[in-house]
Amino acid sequence: MKTLSDLLAEGVAGRRVLVRADLNVPLDGDKITDDGRVRASVPTIKALADAGARVIVTAHLGRPKGEPDPKFSLAPAAARLGELLGTEVPLASDLVGPSATSVVGALTDGGVVMLENVRFDARETSKVDAERAELADELASFADAFVSDGFGVVHRKQASVYDVAQKLPAYVGGLVEAELGVLKKLTDDLERPYVVALGGSKVSDKLGVIANLLSKVDRLLIGGGMAYTFLKAQGHEVGTSLLQEDQLDQVKGFLAEAEKRGVELVLPVDVLVTAEFGNVEHDVVAISDIPADKMGLDIGPKSRELFASKLADAKTVFWNGPMGVFEIETYAGGTRAVAEALVKSEAFTVVGGGDSAAAVRALGLPEDGFSHISTGGGASLEYLEGKELPGISVLES
């Protein structure tokens, strides 16, 4: 697999380089509320521009339905990238049309431009190989080389991730290379005890990774909305808490498998409950006392202490998913407790992207307090699940 360093060593001055970045940032109107992914894209783009390349950035934002939608425009991302680079980053008003052709054609050495949201074209996510290949051909016509630097999409077989890498000399970007290095450390070269903390809303989102991790971890902490399916599987009343009834048998299997393998599976011992989602009025109850008419929205104080103690002696930690509804301050305590335990830890600590990374920044915790904060939650989980990542396999081949 050729790297960004290989491309720079070949020389890029005057060459057009298409960079697939991940700029899928959260927005409040047209304001970016967390620019972590934009900041993460800067080193690769800057290295290319500083070496005289003509850089063409392609990315997606949100889930437009295969056609232009102003609320998913990459304009805020282009503006923020320009601020971070200290130069204007013109945004084409289309992806492969007249505006893109004009903007790319006006590029000079060391310049950076951005194409509009790649998901404004339905061919990007098409299941039909020929349709994706057609878009990839059009994107490739703009460039002399391709750099894959959007780790958050490497688990997708999409035109700007997978197909275009078959049309141009392709290289792995610095961000993706770093992410893969961290994940390999979690799988091939880890120090024990190895502890994984999983949260988030749905256990179904993490079935594969739990199944795979049970053969690898020493300890598995389960919080967030997904914990209630585990608690129900143990026979507890969970009230109106988030529950996936159709996953109960699968979860019972996980509990049995953990016991069989000697994996310590840690669940909350108390929770914050309320009558209605978003209501800040709440009670703290033991998991054996959850009222039938109330829902749990965060792990309780005893659970926070328990989880922190189970992280204290770890040598390697992977954390993915908040412990509660952290967006509401009242229910952010569990997520904060886990994050602070990782900051205090001497372990190799990896925050698995997505809501976990957003929580770290939203709670004002020091990003350098963690060994690594991933930009791709889904890609991280699929890697740890043992799945092939199309955007990586195409570079390796």
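Heads up: numbering here begins at 1 and tracks the sequence.
- For the residue pair Gln244 and Ser204, a side-chain donor N or O sits within less than 3.5 Å of a side-chain acceptor on the partner.
- Side chains of Glu177 and Tyr171: no donor on one and acceptor on the other come within 3.5 Å.
- Between Arg261 and Glu257, at least one side-chain nitrogen of the basic residue sits less than 4.0 Å from a carboxylate oxygen of the acidic one, meeting the salt-bridge criterion.
- Between the side chains of Ser160 and Arg20, at least one donor-acceptor pair of N or O atoms lies under 3.5 Å.
- Other residues, nucleotides and ligands place more than 12 heavy atoms under 6.0 Å from the CD atom of Glu10.
- Glu396 CD: more than 12 foreign heavy atoms inside a 6.0 Å radius.
- Between Arg304 and Asp298, at least one side-chain N (NZ, or NE/NH1/NH2) sits under 4.0 Å from a carboxylate O, which counts as a salt bridge.
- Between Lys315 and Glu191 there is no salt bridge, since no side-chain N of the basic residue sits under 4.0 Å from a carboxylate O of the acidic one.
- Looking only at atom types and distance, the side chain of Ser73 has a donor-acceptor partner in the side chain of Glu116 under 3.5 Å away.
- Of all non-hydrogen atoms in Ser345 and Ala314, the two that sit nearest each other are OG-O, 4.2 Å.
- Between the His282 side chain and the Val280 main chain, a donor and an acceptor come within less than 3.5 Å of each other.
- Legend: residues meeting side-chain contact (heavy atoms from CB on, under 4.5 Å) with Asp22, ordered by chain and number and at least two apart, are Asn24, Arg37, His60.
- No donor-acceptor pair under 3.5 Å is formed between the side chain of Asp144 and the backbone N or O of Arg15.
- With sequence neighbours left out, Glu88 forms a side-chain contact (heavy atoms from CB on, under 4.5 Å) with Pro90.
- Put simply, the side chain of Arg132 never gets that close to the backbone of Glu124: no donor and acceptor are under 3.5 Å apart.
- When the shell of 6.0 Å around CZ of Arg63 is examined, it contains 12 or fewer heavy atoms from other residues, nucleotides or ligands.
- For the 3.5 Å distance criterion, the side chains of Thr375 and Glu179 qualify, holding a donor opposite an acceptor.
- Remark: the Ser356 side chain and the Asn320 side chain contain no N/O donor-acceptor pair separated by less than 3.5 Å.
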